[in-house]
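Read the structure below first, then the notes.
Predicted model only: the values in this text are computed from it and were never measured. Each ligand, and each atom within it, is numbered from 1 in the order the structure gives.
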Amino acid sequence: MAKKYSILLLFALFCGLFFTQCEKKKEKKGQSVEESLRTPPAYSADSAFLFVKAQTDFGPRVPNTPAHKQCLEFLKQTLAEYCDTLYCQEFTAKAYDGTELKSCNIIGSFAPEKTKRIVLASHWDSRPFADHDAEEANRQKPIDGANDGASGVGVLLEVARQLSLKSPEVGVDIVFFDAEDYGTPEGVSAPEGEWWGLGSQYWSQKPHIPGYRALYGILLDMVGNANARFRHEGFSELYGRSVINKVWGTAGQLGYGDVFLNATSHPITDDHYYVNTLAGFPMIDIIHQEDYTGTGFPATWHTLNDNIEHIDKNMLAIVGTTLLAVIYDEK
Ligand code: AHN
Ligand code: ZN
């Protein structure tokens, strides 16, 4: 009797499973064309990591050096392969010490005919001095900037590759700013002036297309350390609260609520500050800020430890997956 009963039970379970599977299939089949067009493609962590490493392999990408020039060629070639129209914006920036920096902002446009556009950005240059290194002897040396520079660009190159394989409904522009990190070194006095974000200052006043505006922008800065945590940076909340809500909301839905924290953090004069104040459309900053280090930034910040060994491909994928979900959700 018990045996008969358990066979019946097994049969019932099997039927239940069978029918729920059928339901699932129907659901998938029942996805409308519109819905499937708006399903984001799968982001590759390995590909993003290789894009970061390809940059650091050139050595520090400090303006006026051969490594900077070689990396520029690599970024132009790679982005050109994926985007529809590539723009190279060459300019000479003046540094805090009067040095003339031969610089170049790189812009890759996807579906340039579309009027509804999102801009994604990061800086591609690396800092000429490790002025926060623990060793005094290292503080004049240039840094690899694996996290500070290359991580954001690497994440965006993989986004670019995905955009080339499947088009979202909105137009996208990817901007790699130059000369972000040549700001006045710690303990050095310099004339009054805005010495960080020289590339974004230039682009915000003289965009690649006159009068260019995006619906909104997202800047990435230091998104590659395993312990990265992103809070609502002050200027991002001030100028782009709804964009913050969209991005952090999406990250939460994807299960990344332990990385994208719903808390406010202090404002940073980063590239997005100039876009908000000079270009006049909202851009938020996804930036790793820390309170325990004393600098406001991760422990590797502006030290020789900011190298490829401290890049976590899973963190790159968390950020990249969030960006794709935001982009493909736009109508
Ligand atoms: C300031 O410390 C004023 N800005 C830092 C922006 C930055 C440098 N992000 C990365 N490196
Ligand atoms: Zn920096």
- Message: Tell me if the centroids of the rings in Trp124 and His68 come within less than 6.0 Å of each other.
- Response: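 They qualify: ring centres under 6.0 Å apart.
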
- Query: Among protein heavy atoms, which lies nearest atom 9 (N) of ligand 1, and at what distance?
  - Reply: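 Here the closest protein heavy atom is Asp221 OD2, 2.8 Å.
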
- Any idea which protein heavy atom is nearest atom 6 (C) of ligand 1, and the distance to it?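 Heavy-atom neighbour on the protein nearest atom 6 (C) of ligand 1: Glu180 OE2, 3.2 Å.
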
- Apply the ring pair (Phe, Tyr, Trp, His ring centres under 6.0 Å) test between Trp203 and each candidate in Tyr274, Phe91, Tyr212; give the one that qualifies.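 It is Tyr212, the one option of Tyr274, Phe91, Tyr212 that forms the ring pair (Phe, Tyr, Trp, His ring centres under 6.0 Å) with Trp203.
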
- Query: Are there any protein N/O/S atoms under 2.8 Å from the Zn ion (ligand 2), and if so, which?
  - Reply: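 Listed by chain and number: Asp148 OD2, Asp181 OD1, Asp181 OD2, His302 NE2.
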
- Tell me yes or no: between the side chains of Ser265 and Glu233, is some donor less than 3.5 Å from an acceptor?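 Their side chains do not contain a donor-acceptor pair, so the 3.5 Å distance test is not met.
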
- Going by distance alone, is a donor N or O of one side chain under 3.5 Å from an acceptor N or O of the other, for Asp148 and His123?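 Judged by distance alone, the side chains do pair up.
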
- Message: Between Lys76 and Glu73 (salt bridge meaning N to carboxylate O under 4.0 Å), is one present in this structure?
- Response: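 Answer for the salt bridge query: yes.
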
- Is the closest basic N to carboxylate O distance between Asp291 and Arg231 below 4.0 Å?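 Result for this pair is yes, salt bridge flagged.
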
- Test salt bridge (charged side-chain N to carboxylate O under 4.0 Å, His left out) applied to Asp258 - qualifying residues, sequence neighbours left out: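 Result, salt bridge (charged side-chain N to carboxylate O under 4.0 Å, His left out) vs Asp258: none returned.
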
- Message: Need the ligand 1 atom indices (1-based, order shown) with element for anything under 4.0 Å from a heavy-atom of Thr269.
- Response: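 Within the 4.0 Å cut-off of Thr269, ligand 1 contributes 4 (N), 6 (C).
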
- Query: Should you measure from each heavy atom of Asp181, which atoms of ligand 1 turn up under 4.0 Å away?
  - Reply: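 Those of ligand 1 that fall under 4.0 Å from Asp181 are 8 (C), 11 (N).
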
May I have the list of side-chain donor-acceptor pairs in residues 131-140 shorter than 3.5 Å, sequence neighbours left out?
unit_1, atom_1, unit_2, atom_2, d
Asp131, OD1, Arg127, NE, 3.1
Asp131, OD2, Arg127, NH2, 3.0
Asp131, OD2, Glu186, N, 3.0
His132, NE2, Glu186, OE1, 3.3
Asp133, OD1, Glu135, N, 2.9
Asp133, OD1, Asn138, ND2, 3.2
Asp133, OD2, Leu304, N, 2.8
Asn138, OD1, Lys141, NZ, 2.9
Arg139, NE, Asp133, O, 2.8
Arg139, NH2, Asp133, O, 3.2
Arg139, NH2, Ala134, O, 3.3

- Query: Which residues pass the ring-ring contact (aromatic ring centres under 6.0 Å, His included) test with Phe51, sequence neighbours left out?
  - Reply: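 Partners of Phe51 by the ring-ring contact (aromatic ring centres under 6.0 Å, His included) criterion come out as none, since no residue qualifies.
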
- Of Trp196, Tyr182, Trp301, which has the heavy atom at the shortest distance from atom 1 (C) of ligand 1?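 Result: the heavy atom closest to atom 1 (C) of ligand 1 is in Trp196.
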
- Thr295, Ile143, Asp148: member with heavy atom nearest to atom 10 (C) of ligand 1: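 The residue whose heavy atom sits nearest atom 10 (C) of ligand 1 is Asp148.
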
- Below 4.0 Å from any atom of ligand 1, is there a heavy atom belonging to His302?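 Contact check His302 vs ligand 1: positive.
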
